[in-house]
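Structure first, then comments.
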Amino acid sequence: MFRRLLVTSALPYANGPIHIGHLVEYIQTDVWVRFQKLRGNDCRYMCADDTHGTAIMIRARQEGRREEDLIADMQAAHERDFADFDVEFDNYGSTHSDENRQLCGEFWAAIRQAGLVKEQAVEQLYDPQAGTFLADRFVRGGCPKCGAKDQPGDNCSACGHHYTPIDLVDPVSTLSGAKPEVRSAAHLFIELEQLHGFLAEWTQSGDHLQPEIANYLQGHFLGEPLRDWDVSRPAPYFGFEIPDSPGNYWYVWFDAPIGYIASTQQWCRRTGAALADWWKSADCEVHHFIGKDITYFHTLFWPGMLKTAGFSLPTKVHIHGFLTVGGEKMSKTKGTFIRARTYLDRLDPSYLRYFYATKLTSRVDDLDLSIDEFVAKVNADLVNKLVNLASRTAKFVEKTGLSARYPDDGGLFAAAAAAGDEIAAAYEACDYNKAMRLVMALADRANAYVEENKPWELRKDSSQAARLQDVCTAALNLFRQLAVYLAPVLPKLARQTGALLNDPITRWEQSQAPLAGTPVARFTHMLKRVEEKDLYAMIEDSKQEAAAANAAASTPAAAVAQASPGGASSVQPVAAAQAAPEDRWNDGGDALAAEPLAPECTIDDFAKVDLRVARVVAAEEVPEARKLLKLKLSLGGGVYKQVFAGIKAHYEPQQLVGRLVVCVANLAPRTMKFGVSEGMVVAAGGGNEAFLLTPDAGAQPGHRLH
RNA sequence: GGUCCGGUAGCUCAGCGGUUAGAGCAGGGGACUCAUAAUCCCUUGGUCGCAGGUUCGAAUCCUGCCCGGACUACCA
């Protein structure tokens, strides 16, 4: 009984190249799809580039070309990267397609018809110079609550307060530097709350979601009314104009998931299939693979849209975690933000496919790539034990081929065949880690078999020729069996094995019956050992790319250099060539890039902030606070200030007592949960870092910084 | 602060109520030489985070605590 399956991965955004973090998902999905196809199921893998939105519009503008040209180049680069990683789609489309526009219209009409759309005015900041409304991330300004300067548009990094960009004090557009103005525009909203009952039922029943995700939705969203979803954006916007609402465009997250269906539509037109058989049929399962960051869209909005428009609901949304490298978030400075192309320039894609497979389970956990583990797993498992099976026996039967009948192997082949069901179940459940463990246990037994039967001794005695052929027949069949089991993960190895034994691997059942009496081709190397130095070289490449990209970004004229995504990786970037000759330190530009310079200010602006040298005279932990230390600062002369500083993670209270720091002495007092904070200790660093500043010797508490 | 997940050999993990707790890798010893310094055999190594409880019996179930991670933040 074969199944029909429609499978998707999230659509990569056309604003940047594919990196190894993306590949967790595409490899996970590709393995699953290849597994289903190998099992004989009618399975199709659909994907597309996600092309709409403000970010694309802005970038195209910066690069001085049409959005269509930008997204075409990016899509070509994406498709090359996927193909080179053996990620094989049945169709790879674009959200900027006629099919998608038409389907968006169909969804929209149904949602209108169902009475889910309402119109409401939204006040938003507008950049008169750039001529566009500003999304949160394109505005910075002062926090309306604590007064911290140069904060992002949605929440304050100093006090954590949430607000809308309109609340910002002295907002500035990061696009043009202009002062934005508040403008009102009518937006269209979908009243998701009307679907509350359906969504509560759907998310909590059946096996549509991993248990932790169902639980998360229940706790985070379904316990209260669902908020209206703003699905329109006023012009100018790169996207599709809403037919019954001229001047308004569908928000990118409205048309992106519909792109799954649009891509299927393209495939149907090409192959003569009927879309309804795949998206409106109870006989077809729909499986989405996504990262945990877009859970919300795929588990609430998307099912709501599908339900309303009469399309199939997802059979399952498979959600995975993020990639970390060496236990840390990917970092451009550290060279661990590795592009697919940068990897391909140094390493074999099979390594990464296998490594990810050994790390992936059905849970949402993040997954870590450590260099040592990568090298150990690939070399020990793939080369030492797996490929070694073929490489140590194939040449003994190159002239004779396999024995006419499969010999007695002590039940090894039968036992490994019997393990097939358990391996298949592990693949089906996305527990690739388990599947890999099961396969490698079989490889161990096969090597022991070769060891016990010593083909290298048999070949010395011509009377043992038949025995030699039998032993190698068994060993190569055991190898082939594993190649079948691993074919979803290692398609290249499957192809090589098919060529070696003159029998292409196309079906899972090939693992259940041995080959006999067939010719054996000349053995050629199947997989090189990974060398640690290549990984380090790759990381070095990534650092250089990041440095070059930073340098390019800081000179407007160089923006064009980034415009050729395909060519970017093949050109060896000259790292920070622009560094001044006397600058032998050549510091990286990551910090500056992460937090660009604030708009110009006057000396008077600066004078408003009274920075003083202060001595920490007391420091204690605030047990209930996760980040805060309570400090008592002396400005000398008996003047003290109580300050709560968010540096608990970085400093021990005792080590602070007695030292000098710099504080903002005239900051308005603020009542916090644990008491009043009368100032602020300044520290360098972004994100999770904090480095206190110490004045040179001679500075006294109370000295002002000028 | 809350929610969820995890804490088992040096490392990555399996086991999730029942014989003396396992695998791979790493370490030690030996064998072999067909093979990409591969393979095979033997071996060192763990009061299964801590403390209680349930049970004839707990790594496995319950409670509390500690630690790590993810998510989220006047809050389910």
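Letters go in sequence order (proteins before strands), and every chain restarts at 1.
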- prompt: Which is true for A:Gly219 with a 4.0 Å heavy-atom rule: it touches a base, it touches only sugar-phosphate, or it touches nothing?
  reply: base

A:Glu328 CD to B:rA70 C1', in whole Å, measures 16 Å

* To do: State whether a side-chain donor-acceptor pair under 3.5 Å links A:Tyr354 with A:Asp381.
  => yes

If you look at every strand shown and take non-hydrogen atoms under 4.0 Å, does A:Glu373 touch a base, only sugar-phosphate, or nothing?
sugar-phosphate

- Task: Provide the distance between the two C1' atoms, one in B:rG15 and one in B:rG46, to the nearest whole Å.
- Result: 14 Å

Closest to the side chain of A:Tyr216, out of B:rU3, B:rG24, B:rU72, is B:rU72

To the nearest angstrom, the CG-C1' distance between A:Leu323 and B:rA70 comes to 15 Å

With a 6.0 Å cut-off on ring centres, are A:Trp229 and A:Phe301 close enough?
yes

By side chain to side chain contact (heavy atoms under 4.5 Å, CB included), A:Ser205 pairs with (sequence neighbours left out) A:Glu201, A:His208

Here the distance between atom C1' of B:rC11 and atom CD1 of A:Ile371, to the nearest Å, is 15 Å

Per nearest nucleotide of RNA chain B, the residue lying toward the 5' end, A:Gln218 or A:Lys454, is A:Lys454

Residues at least two apart in sequence or cross-chain that pass ring pair (Phe, Tyr, Trp, His ring centres under 6.0 Å) with A:Phe85, listed by chain then number, are A:Tyr343

Q) For atom P, what is the distance between B:rG18 and B:rU60, given to the nearest Å? A) 11 Å

Ring pair (Phe, Tyr, Trp, His ring centres under 6.0 Å) filter on A:Phe396, not counting sequence neighbours, yields none

Listed range with range, the stems formed with RNA chain B by at least 3 consecutive Watson-Crick or G-U pairs (under 3.5 Å) are B:1-7 with B:66-72, B:10-13 with B:22-25, B:27-31 with B:39-43, B:49-53 with B:61-65

5'-most contact on RNA chain B (nearest-nucleotide basis), A:Arg363 vs A:Glu224, goes to A:Arg363

Residues 436-471 of chain A vs ring pair (Phe, Tyr, Trp, His ring centres under 6.0 Å), sequence neighbours excluded, gives none

Q) Taking the C1' atom of each, how far is B:rG68 from B:rG49, in whole Å? A) 11 Å

Residues 431-450 of chain A vs salt bridge (Lys or Arg N to Asp or Glu O under 4.0 Å), sequence neighbours excluded, gives A:Lys385-A:Asp444, A:Glu422-A:Lys434

To the nearest angstrom, the CG-P distance between A:Asp293 and B:rC71 comes to 10 Å

Determine the Euclidean distance between corresponding C1' atoms of B:rG45 and B:rC34; express it in Å to zero decimal places. 33 Å

Taking the P atom of each, how far is B:rA35 from B:rG24, in whole Å? 25 Å

Residues passing the ring pair (Phe, Tyr, Trp, His ring centres under 6.0 Å) test with A:Tyr216, sequence neighbours excluded, are A:His220, A:Phe221

*Using the C1' atom on both, measure B:rC11 against B:rG53 and round to a whole Å.*
34 Å

(Q) When the C1' atoms of B:rG57 and B:rA73 are compared, how many Å lie between them, rounded to an integer? (A) 44 Å

**Message:** Checking A:Asp348 against A:Ser350: is there a side-chain donor and acceptor pair closer than 3.5 Å?
**Reply:** yes

Between CG of A:Leu217 and C1' of B:rU3 the distance, given in whole Å, is 13 Å

(Q) Salt bridge or not between A:Asp207 and A:Lys316? Use side-chain N to carboxylate O under 4.0 Å. (A) yes

From CG of A:Leu226 across to C1' of B:rA76 the rounded distance in Å is 13 Å

Hits for side chain to side chain donor-acceptor pair (under 3.5 Å) against A:Ser463, two or more places apart or cross-chain, chain-then-number order -> A:Asp461

Contact string for nucleotides 34-41 of chain B, one letter per nucleotide 5' to 3', B = base within protein heavy-atom range under 4.0 Å, S = sugar-phosphate only, - = neither, reads BBB-SBS-

Residue pairs passing the salt bridge (Lys or Arg N to Asp or Glu O under 4.0 Å) test with at least one member in residues 391-400 of chain A, sequence neighbours excluded, are A:Arg392-A:Glu451, A:Glu398-A:Arg522

Closest of B:rC71, B:rU33, B:rC4 to the A:Phe322 side chain is B:rC71

Margin query: Roughly how many Å apart are B:rA58 and B:rU19, using the P atom of each and rounding to a whole number?
Written below: 11 Å

When rounded to whole Å, the CD1 to C1' distance for the pair A:Ile319 and B:rA70 reads 13 Å

A:Lys359 NZ to B:rC11 P, in whole Å, measures 13 Å

Sorted by number, residues from residues 413-442 of chain A placing a heavy atom under 4.0 Å from RNA chain B are A:Arg437

Quick note, ring pair (Phe, Tyr, Trp, His ring centres under 6.0 Å) partners involving residues 421-448 of chain A, not counting sequence neighbours, are A:Phe35-A:Tyr427, A:Tyr427-A:Tyr432

